Amino acid sequence: MGKQQDILHVQGLRTSFFTDNGIVPAVDDINFSIHKGEILGIVGESGCGKSVTSLSIMGLLPQAGKIVGGEIFFQGESLTKATEKRMRSIRGNEIAMIFQEPMTSLNPLFKIGNQLTEAIHTHQSCSKEKARKRNIEMLELVGLPRAEQLLNDYPHQLSGGMRQRVMIAMSMICEPQLLIADEPTTALDVTIQKQILQLMKELNRKLHTSIMMITHDLGVVAEVCDRVVVMYAGKIVEEAPVRTLFKHALHPYTKGLLASVPDIRSKKDRLQSIPGNVPKPGSIDKGCRFAERCEHAMERCFVEDPPLYKMETNQQVRCFLYDTETKKEASHETTIT
Amino acid sequence: MGAYAVRRVFMLLPVLFGMSLLVFSIIYLIPGNPAQIILGQRATAEAIAEVEKQLGLDQPWHIQYVDYIGSLLQGDLGTSIKTDVPISQEIFPYLAATVELTIVAMVIAIFIGVNAGIISAWFHNSWFDYTAMVFALIGVSMPIFWLGLMEQYIFSVQLDWLPSTGRYEASSVIDPITHLYLVDTLIQGNMEQFTDVAKHLVLPGIALATIPMAIIARMTRSSMLEVMRSDYIRTARAKGLTNFWVVYKHSLKNAVIPVLTVIGLQTGLLLGGAILTETIFGWPGIGRYIYDAIQYRDYPVIQSGILLIATIFVFINVIVDLLYALIDPRIDYK
Ligand SMILES: Nc1ncnc2c1ncn2[C@@H]1O[C@H](COP(=O)(O)OP(=O)(O)OP(=O)(O)O)[C@@H](O)[C@H]1O
Ligand code: SF4
Ligand SMILES: [Mg+2]
């Protein structure tokens, strides 16, 4: 079980999809914790299992998806063993979630006020007037002008940035301890992105809400996160405090990602700097999943699964380069040449 | 919204105009002299002239049409040749009978169809889903007159649970107010008659409900499946809402929009008078009325009957459009 100050503790989580084409292990043995008041970044390329991880925590996996191993603890309570009723009382109340697509994440047929009030009334009983006040308060908190009128607006009358602010207001309305944000800014243009990130950081400071920030953008990580988990093909390959990661990343994959950061700004595809593609989940049964694309790959990388190595720098890395045995060999080789 | 409704109705004018022209020309489209056809081969010249005058056939056609429209606008639907009674008076009880049956059938169809569609979508690919969809397939392809006959055989003849024909027991007399007998008996507080009328509605109601129910169930299912995949449904679930609210508030309101079209269309079709069903169940509805008029070559009745049904059909379409606008705020009706 997690330490006392951990709000969330994910332990050996495995989530698979049972499809017509076989079992897809989308998330494979994931371990991480989120401390109280912390913003944890989860980074990785498309398809590496970020969303599946967050949906596993929320208990909102699509029908084909199942948690097949491990456990998730929220404030010491097991979510994987919780009843659906208990999960409902946690969702939106203690753990809230916002999504990538602000344009489609609000129900088009109901007024903003209705959707906000619903978020309150699902978990608390209070008068209509009180709920209304709370709605206005939240809309103002997320920096939306003329909040009172907004309550009577429908989602289609708002811009993408405004809708995402409404989503944030809605997710924070019950003051959850943990907010899961699945690529909250990906669909927005750059200036709005910055504002939304700023807002989330502010809320984190003001309300002490822990945030799990899912992104494939290291720029976002640099801007708001305290600590980062890097995922690759369903596994965690590196975990580090943000500054450490940007100063000296250890895993070859992380290094590749970092090397391509300037490309994000110039709108070039960031994946190009690492040659090759992410392997499909389940397509590799042994060895390091990054081996095909890794320039440091050794023989054992193709046969053995690298474990997570704990480093003195508060970092963890899944790579044989950091095995003390390998290191000796490597240094031996360099002395010969 | 009100202005939109008015405008939408105004837009009907050309349609109604076209329909009246079409119905008016029925009499010219049939070969031969209409008066002769009405009266038969052995009619005297005087009798033919009399009927021609009654129908206004002695006038040039454009004068006839202007007269026709003029009287229609005054609510005059002409006079039945067979009974010599103004059609506007005569037609009402028949129309009411069809309306009552249609409402009952559509309530059954919507209630069962929509819910079956929802459950099928929610338990997608389950045994319920498969069973419901097989039934829906049978439902749309079932000959309704056959279903009607089977119903009568099982529930009236064999089990003797329900009456097989008519709107009420011949021995009882209902004072018509609206001619919707469920309403009339209720207003008069005569529960015995009310039950009797309700019983008479069951078998024809179910027979007529079958096709719309099957179509509505399929439509609801596919529409719900699509809506349930959408982002805002994930949001609703992430809020901690129960499945009930996710389905009946967030999903259904979105999913019902395409279903409305089907409901409108099917209601219009039933109101058109299902002649076969009405015949089997001895239902004195508008379908029967027009059918009888055709047998008797009662042209004014045929014309007015068709025009009335077509008008109702068109108005149902307008109502569906207005419902769209009411449900979906994105529809710009300015
Ligand atoms: N409904 C599903 N059915 C089958 N497999 C799925 C399903 N959803 C996800 N997966 C599998 O899980 C893997 C991880 O998906 P996930 O959505 O978590 O990726 P992600 O990291 O969030 O990517 P993105 O950046 O594109 O959002 C995918 O590669 C896919 O193979
Ligand atoms: S384990 Fe081997 S293949 Fe994998 S990242 Fe490290 S060096 Fe590269
Ligand atoms: Mg994702």
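Order of the sequence lines fixes the chain letters, A, B, ..., with proteins taken first and strands second; residue numbering starts at 1 for each chain. Only a predicted model underlies this, so the values are computations on that prediction, with no experimental measurement involved. Quick note: numbers below take in every heavy atom, side chains included, and nothing from hydrogens, waters or symmetry partners.
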Between chain B and chain A, are any donor-acceptor pairs under 3.5 Å, and how far apart is each one to 0.1 Å?
| residue | atom | partner | partner atom | Å |
| --- | --- | --- | --- | --- |
| Asp231(B) | OD2 | Thr104(A) | OG1 | 2.5 |
| Tyr232(B) | N | Thr104(A) | O | 3.2 |
| Thr235(B) | OG1 | Ser105(A) | O | 2.7 |
| Ala238(B) | O | Gly92(A) | N | 3.1 |
| Lys239(B) | O | His123(A) | NE2 | 2.8 |
| Lys239(B) | NZ | Gln115(A) | O | 2.9 |
| Lys239(B) | NZ | Glu118(A) | OE1 | 2.6 |
| Lys249(B) | NZ | Asn114(A) | OD1 | 2.7 |
| Lys249(B) | NZ | Glu118(A) | OE2 | 2.9 |
| His250(B) | O | Asn107(A) | ND2 | 3.4 |
| His250(B) | ND1 | Asn107(A) | ND2 | 2.9 |
| His250(B) | NE2 | Glu118(A) | OE1 | 2.9 |
| His250(B) | NE2 | Glu118(A) | OE2 | 2.8 |
| Asn254(B) | ND2 | Asn107(A) | OD1 | 3.0 |

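- Your options are Leu55(A), Leu106(A), Ile95(A), and the one with the most heavy-atom pairs under 4.5 Å with chain B is Leu106(A).
- At a 4.5 Å heavy-atom cutoff, Ala96(A) makes no contact with chain B through either its backbone or its side chain.
- Both the backbone and the side chain of Leu109(A) come within contact range of chain B, each with at least one heavy atom under 4.5 Å from a heavy atom of that chain.
- Surrounding CZ of Phe135(B) are at most 12 heavy atoms belonging to other residues, nucleotides or ligands under 6.0 Å away.
- In this structure, no portion of Met87(A) lies under 4.5 Å from any heavy atom of chain B.
- Pro108(A) and Pro329(B) get closest at one heavy-atom pair: O-CG, 3.4 Å.
- Neither the backbone nor the side chain of Met103(A) has a heavy atom closer than 4.5 Å to any heavy atom of chain B.
- Atom-to-atom distance recorded for Ile233(B):CD1 and Leu60(A):CG is 12.0 Å, nearest 0.5 angstrom.
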